[in-house]
Amino acid sequence: MTRSTYHILSKARSGKVFSNRIKPTISRFHICPPHTCIKTLPFLNDLAGSTPFSAMPSSVSNHYASLLKLCSQPNKQSHLKKLHCLILKTINPIDTFLYNTLIASYSNAALPEHARRVFDQIPQPNLFSRNAVLSAYSKSGCLSEMEQMFDSMPERDCVSWNSLVSGFAGHGSPKKAVEAYRAMLREAQAAPNRITFSTMLIFSSARSSSDLGRQIHCQIIKYGFERYVFVGSPLVDMYSKVGLLGEARQVFEWMEEKNLVVYNTMITGLLRCGMVEDSKQLFREMSERDSISWTTMVTGLTQNGLELEALGFFRDMRAQDVGIDQYTFGSVLTACGGLSALEQGKQVHAYIIRTHYDNNVFVGSALVDMYSKCRSVRLAELVFRRMAFKNIVSWTAMLVGYGQNGCSEEAMQIFCEMQRNGIEPDDFTLGSVISSCANLASLEEGAQFHCQALVSGLISFITVSNAIVTLYGKCGSIEDSHRLFNEMQIRDQVSWTALVSGYAQFGKAKETIELFEKMLIEGVNPDGITFIGVLSACSRAGLVEKGYSYFNSMVEDHGITPIADHYTCMIDLLSRAGRLKETEDFIKQMPCHPDAIGWATLLSSCRVHGNMELGKWAAENLLELDPQSPASYVLLSNMYAARGKWDEVAQLRRGMKDRRVRKEPGCSWIKYKNKVYIFSADDQSHPYLERIYAELEKLHLKMVEEGYKPDMSSVLHDVGEAEKMNMLSHHSEKLAIAFGLIFIPRELPIRVVKNLRVCGDCHNATKFISKIVDREILVRDAVRFHKFSNGVCSCGDFW
DNA sequence: GTAGGGTTAG
């Protein structure tokens, strides 16, 4: 056996590289020659890197201890178990030091039961052994086992107490954490150390408990830790997280020998509280800055909506040759995404490839997100497909990317693919996929996701529950939506807004307003999105005065600055009610111009109320803002068509053709036996078309008997009356409803989804059909819900 | 177990 050094390089989970040098000592327990180990356990090679095993450490116990440390991760559990077996085979007796290392390794690998089993085999366990088991229970949240262990210990030191405190603090027992901390202070043998205080400070921050934070601060002063950077730094962090920036600054100023970390912490706190100028000042004052200082500025500025400035800092950072790492790239990509700056994002991507960060899972996820936010979902997909390793965040980023770019079906598919790859969804993923599902109005899948949320327990996340409340609202089951809302233990602003918007979308103005008022009484603050729900409910119900007063209250009582969506609601409210002159005045006194949706709303109302003059104004503005959008052409052409101005219609059609604008073809779909059947007006290929036409024919006769008159103004083509009739009776939603009547069992409602707004004639016809066949028919169109039952629609014919 | 990044819900 030669004396040699043994050198291990290991990559910790954080990606940081550290080296571990073990001093050579003479072995006493050397039984098994090292090369046999390599043959039996090839993974040891991977763990130890390129170091040849012939360079053998002198102490086998130390050697195994260092290998055990390499397996001390949850993703190396099997390696750890194999190594444990090897140790049992090759060493006898095992010394207490190695036993303790084994316990600690199982603890870090999240296997507390294994840690306990090792402990039970130790002939003479010491305080370290007990502390190691205690720590295993504490980290894994086995709280009762932890308490039992703690109570049974013959002696306890500061480490034991710290495990107890952090176990309670980290696993949902806040009361016991505080109790344990106070008991510790009373215990003479276990004086708190810096770890005790930083644990408690982080705990206070997480609970946003400024009172507890202050109490801990007092204790810190009492024990003389205040000016010590390792306690002062978390103290600054805690105060800034609970919003007490003055206190944070005071602690910062009082500290002696401030290091880089303290500065970085303070700058983060300032940026968190929106004090951008102060943070920049402090940044300039620093005598040295590291990568974290720069990245903090990039992140903080981005979070304060100052993406351009953030990119400026990134440029300076590169110019000054500061090390750029995965964190920096993550922040810069967020800034690019926030600006929808595709070109700059691509440049950063190129730099990432040059610096070989493109295989990093964090950077990859950030790239997927950036491209999605720049509306380049195909590029996001490309990056995602090329990622060598994907974690749950990468999957979620792609899923959300699809969802936010209107590719809801692809979002659902990627969710399935993720599960097939053995990745369990978390609250983020499930919430997002439910949101996509809601956009598709797929009630069956939605209900399955609801079940999945219940079974997995993810329903306890408020974000998941909120997503399901929204889901049922968008699927037309407002009762289910309300039921879940009532069942929720905690409700936040988002929950209330989800239900308010659900009722609004359903056209139930009275319920919407009642709910909103109840929300105010319960002391939940509405925000801009809540008001969009309230205002749209008013406009759908024609409650002009009420809507106006809510709009004013939003600005005056709630201090919310209206954005384009609110103005669009107001334009809708006024113009839909036919008060077009008022609408014009309103638009002219708005602080900003309406956006494309605002103009389209006005144009649509002008069509309904036959105001060509204002309609032209709206159309021109709409065309200027969005020349590629088919909406302006279609709406204007509808308006001309309704008045029989076919020459103008033809001219517009030519304009569309020249600019290569295409109208989105109308289609409706219905689900039957897990299959989606899609119908479009010109579809002649449908296998059941003959039966559907026959059904429609039959219905038509009964409808006419009941007093139905076709509304020809809904036909926007220059054709004869008979042909108009034919076109009208074959609108996609009528086909879908007829299909539903034939195939969907009587006891179930018929649910149809349409990609465009439902036309006047179909709406009227569906009312008649619901009465004739005595069935409930739900139609979800592009903007809202219509629930037809016994000849009446839930929207009250106002949509 | 002192500081920085990437993903959710209305």
For [X], report the nucleic acid contact type (base, sugar-phosphate, nothing); a contact means any heavy atom under 4.0 Å.
X	result
A:Asp427	base
A:Val261	base
A:Gln505	nothing
A:Ser291	base
A:Asn259	nothing
A:Lys139	nothing
A:Thr265	sugar-phosphate
A:Asp426	nothing
A:Thr530	base

Answer with yes or no whether [X] presents, from its side chain, a donor or acceptor under 3.5 Å of a partner atom in the base of [N].
X	N	result
A:Asn162	B:dG1	no
A:Asn391	B:dG6	yes
A:Asp290	B:dG4	no
A:Thr497	B:dG10	yes

Among [options], the nucleotide that comes nearest once only the side chain of [X] is considered:
X	options	value
A:Thr328	B:dG4, B:dG10, B:dG6	B:dG4
A:Phe428	B:dA9, B:dG4, B:dT8	B:dT8
A:Thr396	B:dG6, B:dG4, B:dT7	B:dT7
A:Ser365	B:dA3, B:dG6, B:dA9	B:dG6
A:Thr295	B:dG4, B:dT8, B:dG6	B:dG4
A:Asp527	B:dG6, B:dT8, B:dG10	B:dG10
A:Val393	B:dA3, B:dG6, B:dG10	B:dG6

Please report the distance, rounded to the nearest Å, between [atom1] in [X] and [atom2] in [N].
X	N	atom1	atom2	value
A:Ile202	B:dA3	CD1	P	6 Å
A:Leu471	B:dT8	CG	P	19 Å
A:Leu333	B:dG6	CG	C1'	9 Å
A:Tyr181	B:dG1	OH	C1'	16 Å
A:Asp369	B:dT7	CG	P	4 Å
A:Tyr327	B:dG4	OH	C1'	7 Å
A:Met370	B:dT7	CE	P	12 Å
A:Lys258	B:dA3	NZ	P	19 Å

Going by the rule ring-ring contact (aromatic ring centres under 6.0 Å, His included), which residues pair with A:Tyr402 if we only count those two or more places apart in sequence or in a different chain?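 A:Tyr402: no ring-ring contact (aromatic ring centres under 6.0 Å, His included) contacts found.
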Any donor and acceptor pair, going by atom type alone, linking the side chain of [X] with main-chain N or O of [Y] inside 3.5 Å?
X	Y	value
A:Asp325	A:Tyr327	yes
A:Ser481	A:Tyr472	no
A:Arg289	A:Trp294	no

N/O (side chain, [X]) to phosphate O (OP1/OP2, [N]) under 4.0 Å:
X	N	value
A:Thr334	B:dG6	yes
A:Lys373	B:dT7	yes
A:Ser435	B:dG10	yes

Are the side chains of A:Thr530 and A:Met554 in contact, using a 4.5 Å heavy-atom criterion?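 Result no, sub-4.5 Å side-chain heavy-atom pair not found.
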Per the salt bridge (Lys or Arg N to Asp or Glu O under 4.0 Å) rule, what does the pair list look like for residues 388-397 of chain A, sequence neighbours excluded?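 Residue pairs with at least one partner in residues 388-397 of chain A: there are none.
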Do A:Phe252 and A:Tyr263 make the cut of ring centroids closer than 6.0 angstrom? yes
